[in-house]
Structures are given as C-alpha cells and as structure tokens.
Protein chains: 2
Amino acid sequence: MQSKPTTIKEIAQILGISVSTVSRALHDHPSIGLTTRMKVKKLADELNYEPNQTAIFLQQGKTHTIGVILPELSEAFFSSAISAIEDTAYKKNYTVLLAQSHDDEQKEKQLVEKMKNHRVDGLLVSVGKNTSSFQHFESLKKYDIPVVFFDRIPPMQNIHYVACNMEIGTIEAVSYLLKRGHRAIGMINGPQTMVATGERKEGYIKAMTKNRLKFDPSLIVSCDLTEDGTKAALDELLASKRKPTAIVTFNDYVALFAIKYAQKLKININKDLEFVSYANLPLINYMENIPAASVEQFPYLQGQKATDILLDLLRNKQQGSNEQSAYYKIIIESQLIENKQ
Amino acid sequence: MQSKPTTIKEIAQILGISVSTVSRALHDHPSIGLTTRMKVKKLADELNYEPNQTAIFLQQGKTHTIGVILPELSEAFFSSAISAIEDTAYKKNYTVLLAQSHDDEQKEKQLVEKMKNHRVDGLLVSVGKNTSSFQHFESLKKYDIPVVFFDRIPPMQNIHYVACNMEIGTIEAVSYLLKRGHRAIGMINGPQTMVATGERKEGYIKAMTKNRLKFDPSLIVSCDLTEDGTKAALDELLASKRKPTAIVTFNDYVALFAIKYAQKLKININKDLEFVSYANLPLINYMENIPAASVEQFPYLQGQKATDILLDLLRNKQQGSNEQSAYYKIIIESQLIENKQ
DNA sequence: ATATGGTGCGCAAACGTTTGAGTGTTTTTT
DNA sequence: AAAAAACACTCAAACGTTTGCGCACCATAT
C-alpha cells in the first residue's frame, strides 16, 4: 500500500473549494472564514496531510537547509562540532546537509558545487588542510549564499568566521612550560599552509620575547601531522644542538604519536621530556602517558557559534537588510587546561 | 552583486529556442541537432548554468537525499558510521541529511516526520536506546520510504537491517585467550539490563563448554562502564579465588580504565594480565598499553553496508520491481582483531 | 438609494525543470 | 513521384505550493 502523500489540491477538490483557500486556511490567513478553516484542517488531519517541502523549497527559493563541509567526520573535534551544529540548527528548524572533504581540495570544490545545486540556504565550512586555492568559496558570494567558516579558516578578506585564537593559548602553553623551568622548548608545528601553524609560531615567539628569552628558530619544526611525519619531526628536534626538554605539539594526535615514539626511544615522558598540546581530546582520559596540558579549542562551542551566525545572516538576508559591510569575526580564546595525571 | 542563478528559461530566450530544446540539449537527447546542442552547451557554460535541484526534486518526486537518524554524533562508533554513510552516498551521488536523536524517543519521532517532509528518498536509522514504541517507523512504509536500520535495530518483523553479532566475536575472544594458555579468564561485563551484556555472557559460556572447560560464574562481574565501576570490577576479579590471568572487557573504554588502574597496581599489562576487548577504537593507535586484541564491530562497514542496501532498495523501487517480500538482514560477524603492539 | 468598507473566497501566475505528444521540414525508400 | 521515415524542434502539462489581485456578497454609514 504505497498511498502517495495527500496534496493540497486533493483537499480542495474534496471540499469543493480552491487550492488557494486551502493553503490559506492551513496557514490561518485572516481572510478565510472560521467554518471553512475548520473544515480544511479537519480533513487535512484525517488524510494525514503533510506539506511537500520540495514544492515549498522551489516556490520560496529557499530550502531551510544548511550545508556543512568539513574534513573528517570521524575526528573527535569535528564530530563534536557537527553535533553542535545539528543541535543548534534543529532548534531553529533548519536541517543539516553533511559532507566531508577528506582534506581533498578537489573534492571540497565538488562539494561546494553540490551544496550550491542543492540550494542550501547557507554553508558552514572548515577547510581542508591542503586547500590552497579559495576561488570556490568566492563564487558563493555571487549567488548570495552566506558562508561561515569555523576552526580552519581560509586566508580571505571578507568572510565570516569563528575560530579559536591559537596565539593566546600558545602563549599560555609556552609560558606554562617556562614557569616549570624549561628553557629549550621545542615545537612540532603543522604544515606551513595552515593559518593555525602561523598562529602557533607567533604565540611561541611572543611568549619567548615577553619573557626576554631569545628565539631559536631551529626549535620549531614542521610536520604533516601523520605518524611518520611526527617521528621525523621529533628526531629532528632531538638531534638539534639545544635538545629540548619540553615540546609543544600541533595537536593531541601529534602529541600522542610523539609520546609513543619517545617511549620507544626510552625517554621518560613528562620527566625528561614534557609535552603540551592542543585540542584536549577526550581520549586522553583513558591514557597513561599524556601531555601535561592541552589547549582547549571548544569544538562544540565553535560549531554552535558558527551556526548561530549563519542563521542570523539568513534572517537578515530575508529581511532585506543589505548592509553587507559587517563581517562576523568571532574569536574564541583558547585556554590551557592542565591535565590531571 | 547577487546575480540570481541562470535558468534554462533564460538560455532558451537568448538563443530564441524553447526551454524543452535546451533541457534536452543539455541531456544529450538524440532528437536535438548537433549544432543547437553545441550552442546551448556553450552558452550554458558561459552563464555558469547549474540545474536547480529543488525544481528537479519536485518534478521527479525524489530528492537524491537520504536521511540519517542516529543517537549521538560525537560517539566514536557513530561518527565512524556516518563517515562511511557519507562516503558511500557521495559515490552514488546521493546527499546526506543528518540528525541526532540524543536517545530521546520524542525527538526521534519528530525527526522521522521532518525527514518525511523533506522528502528524503530513504532513511538510515540507529534507534535510540530508550525507544520503546516503533509506530513512527511503521508509518514510513505507507509512504513507500525505505528504511534500513543499523547497529541498534528495533524489535520489528519486516525490516531491513545490518547489525553485528557479538556472540561469535566473544567466542573468538575467549578461544584466543584459551589458545594462549589462559585458563582463568575473567570478564568485566556491562549492566545486566543491556542486551549486549547477555550476548557476551553467552559467548563466554559457549567458548568454555566448547573447549570442555567448566564455567566459573564468579569470573564474570558486572560494571556500570564508568571508571570507578571498572576499578571496582577489577578489584573484585583480582580478589577472587581463581585470580584471572586474562580479562575480557565490555568495551575498549572499560579496557583502558582497567589497564590504567592495573598499571597503578604494578601489574605488568599483557604479561601478568592480558586484556581482550570490544570496539577496536581508533584511539588505541595512539597508545602504548592496549588490549592484546579487540572484537571489531566494524562501524564503517556497517554504515557502508546499510547505505548500499538502501541505495539498492531505491534502485529497485525506481525500476518498479514490486517484489517486496525479501528483507535484507545482514549480520556482520564481529571479529577478533589482534592489535599490533 | 448610493457610496463605503469589510468579509470570504477564487483565479492565475510563478518557482525551474522534465517529457509525452505533436508539427513541420527534409531525407530516404519504393 | 508518392509514401514513409527520420529529423529537429515546439507546445503544454505536470510536480505542489504560495500569493497578489480581483470579485462577489452583505452590512453599515451617508
């Protein structure tokens, strides 16, 4: 029994009235009499009428849907963020269209197209770590599809974004290590292409100069965030003239790779070599050797804020306020959290 | 400059031909001449024409979208599953509409309605653990919206599902430990209320009897899956007459709690006390002391299979094959995976 | 009796696309 | 040379909804 859903047209026919009357009756339009309104609602209820959203989408030119593009759903940070996005969107009666780029620039571009074709009302994006061209986002502006970036934001001028300021957190992290007596502090940083990489470096330098210590560039090494890359980076640090007694790593994953490797090298974690990291992943609750502290980046909060902003933009757009001069640039201050061992 | 997207109509007007010709030209319909076809495509390209999906949705009565309802996005199992679902759907050019129930039956019902209104072509569902009524799923059948359940499947008769059988994996796990010479094998099981707890216990007993060993009930203890509960459970096991030399834990989290605690007790992990667990969480890649083996529940595979089935159902539906007698009931055998240390 | 105004509803266009059924030309077949 | 077939394209309906405008009707005020 695959009874096709009831339409407004059928209701109109049964009641012997016009479709427009039915439509208005269902929307409590004042120009419809009480009796007909009741009749319509009663019948609609009996026939289990449900408005066909696709028709409404077409009619209104909007879908009440927001697209989300992020690198990797199974990463703790993003799964937490998407959870927040869905929660927030749901409350405002929006639906979430989801896609992951797997850090593939090409796929990211295709996804933007796809989202555009699906006529999402707006887009939430965390850009892939390899993405180097950003034309595909520019093109969205032409179509008046608002985009809010979160966490991994592109180096573009006029964009809305919410991100975590890594600089403050990094300053805190380095200061924390300095306070604990370390002087040779290494850093395993991310790829040069990422904004976050620069921020961490800046924070590192600022923390050093603030404490009137000279900055040794050889103590900062890049890595591609893979396990092998991390090993290589650690090797490089350990081989440098001023062997570091503490290391700030790009994120918890890198930290754990490094710790695992360091243990293989018979290094006593958090005694001979102390770690501080970013992200504050839940998994460190389950572990023995973990970074002494982590810079929390508040993924849930970021997702929430970004969604709030996007929905706000959509509301303003609807009301035709065309002062497109203001850009939301929300910075959530990262915060160093000391891990209880 | 918010130029509205180009439509087929505009192209037709500029070229002085009809919209149907443009539509057919873009679809390489044989009845359109080569020259017009070229002209159309060229102009469409120049104007950056993108078909309006919402119009196509309405026209074709299908959205090329599948809805996914699951309890909690931020849980590792589900974030891995949703990752698989998105990947698989993307390959077949489907899009994913996402929502989480937070194990709330009421919200789950609302989400089903919402998905229906959005005219998703099909639905993928992992039911909340508190859901006790399943009427909201029944109603989907009337509208001919196929549903495939995965992992957490409801007690309904005629449904498609893919799930994981825990008993086999447990038998393997216990047999694995027996083969390695253990005779006193403990089990830290879950709460008695959970179905999965019973499955594990059954598997344990079957493995023992299969190997003609007597089953000692005192070697199976319950715990509430928290860190403290795990500690208590481990204490209980270690205090029993036949002190176990190996332990099967309800899941990886419990295993890691237990391992962490055992280390505090100066027990040599995987030498004095060997662990086997369930889930095979990715986080063990980052860790030093991990269970020797884990019963893998294949979240990615489950998501993938479920999506494959759903897309298959959709394809068959389109081709009008109305033999709705067959139901997919895929059991993925859980499998013991030895962890490389 | 005529204007005024409110009430309750219908008409038809619009959103952008697909597609079955024509229609007029040209080419091929017999 | 006439009939048949192939070609290239157009018309218009359909998908389900919303909404500006128009129209009839009745009640009240002039």
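Chain A is the first sequence line, chain B the second, and so forth, proteins listed ahead of strands; every chain is numbered from 1.
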Quiz item: Contact class for His29(A) vs. all strands (heavy atom < 4.0 Å): base, sugar-phosphate, or nothing?
Solution: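 Contact class for His29(A): none.
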Quiz item: End-to-end bend of the helix from dA1(C)-dT30(D) to dT30(C)-dA1(D) (five-pair axes, 10° rounding)?
Solution: 60°
Quiz item: Can you list the residues that meet the side-chain hydrogen bond (donor to acceptor under 3.5 Å, both in side chains) rule with Gln59(B), with sequence neighbours excluded?
Solution: none
Exercise. Please list all pairs passing the salt bridge (charged side-chain N to carboxylate O under 4.0 Å, His left out) test where one or both residues lie in residues 46-61 of chain A, with sequence neighbours left out.
Key: Lys42(A)-Glu46(A)
Quiz item: For residues 149-163 of chain B, which residue pairs qualify under salt bridge (charged side-chain N to carboxylate O under 4.0 Å, His left out), counting only residues two or more places apart or in two chains?
Solution: Asp103(B)-Arg152(B)
Self-check item: Crowding at NZ, Lys305(B) (>12 non-hydrogen neighbours, <6.0 Å)
Solution: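 It does not: Lys305(B) NZ has 12 such atoms or fewer within range.
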Exercise. Look at atom CE of Met156(B) and say whether more than 12 heavy atoms of other residues, nucleotides or ligands are closer to it than 6.0 Å.
Key: yes
Quiz prompt | Exercise: identify the closest heavy-atom pair between Ile145(B) and Gly122(B) | solution = CG2-CA, 3.9 Å
Quiz item: Considering all heavy atoms of both residues, which atom of Arg119(B) and which atom of Thr63(B) are nearest to each other, and what is their separation?
Solution: O-OG1, 2.7 Å
Please tabulate, for the side chains in residues 71-78 of chain A, all donor-acceptor contacts under 3.5 angstrom to protein atoms that are two or more places apart in sequence or on a different chain.
unit_1: Glu72(A); atom_1: OE1; unit_2: His102(A); atom_2: ND1; d: 3.0
unit_1: Glu72(A); atom_1: OE2; unit_2: His102(A); atom_2: ND1; d: 3.2

Quiz item: Among residues 31-41 of chain A, which contact DNA chain C at a heavy-atom distance under 4.0 Å?
Solution: Ser31(A), Ile32(A), Gly33(A), Thr36(A)
Exercise. Would you tell me whether Tyr90(A) and Gln110(B) have side-chain atoms, one donor and one acceptor, within less than 3.5 Å of each other?
Key: yes
Exercise. Please list, chain by chain and in numerical order, all residues satisfying salt bridge (Lys or Arg N to Asp or Glu O under 4.0 Å) with Asp28(B), sequence neighbours excluded.
Key: Arg37(B), Lys41(B)
Self-check item: Non-neighbouring partners of Lys116(B) that pass salt bridge (Lys or Arg N to Asp or Glu O under 4.0 Å), sequence neighbours left out
Solution: Glu113(B)
Quiz prompt | Evaluation steps, side-chain hydrogen bond (donor to acceptor under 3.5 Å, both in side chains), between Ser18(A) and Thr21(A) | solution = CA-CA 5 Å; Ser18(A) 78; Thr21(A) 303; 3.0 Å; yes
Practice problem: Could you identify which residues of residues 6-18 of chain A place a heavy atom less than 4.0 Å from some atom of DNA chain D, listed by residue number, or say none? | Solution: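 Residues of residues 6-18 of chain A that come under 4.0 Å of DNA chain D are, in numerical order, Thr7(A), Ile8(A), Lys9(A).
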Exercise. Identify, residue by residue, the members of residues 49-59 of chain B with a heavy atom below 4.0 Å from DNA chain D, and return them in order of residue number, or none.
Key: Leu58(B), Gln59(B)
Self-check item: Salt-bridge contact Asp312(B)-Arg315(B) (side-chain N to carboxylate O under 4.0 Å)
Solution: yes
Quiz item: Reading DNA chain C 5' to 3', which nucleotide is the first, and which the last, to come under 4.0 Å of any heavy atom in chain A?
Solution: dG8(C) to dG16(C)
Quiz item: According to a strict under-4.0 Å criterion, is Ser20(B) in side-chain N/O contact with OP1 or OP2 of dT10(D)?
Solution: no
Self-check item: Residue pairs involving residues 28-60 of chain A (criterion ring-ring contact (aromatic ring centres under 6.0 Å, His included); sequence neighbours excluded)
Solution: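 Listed by first then second residue: Phe57(A)-His118(B).
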Self-check item: Val68(B) vs Ile82(B) side-chain heavy atoms within contact, under 4.5 Å
Solution: yes
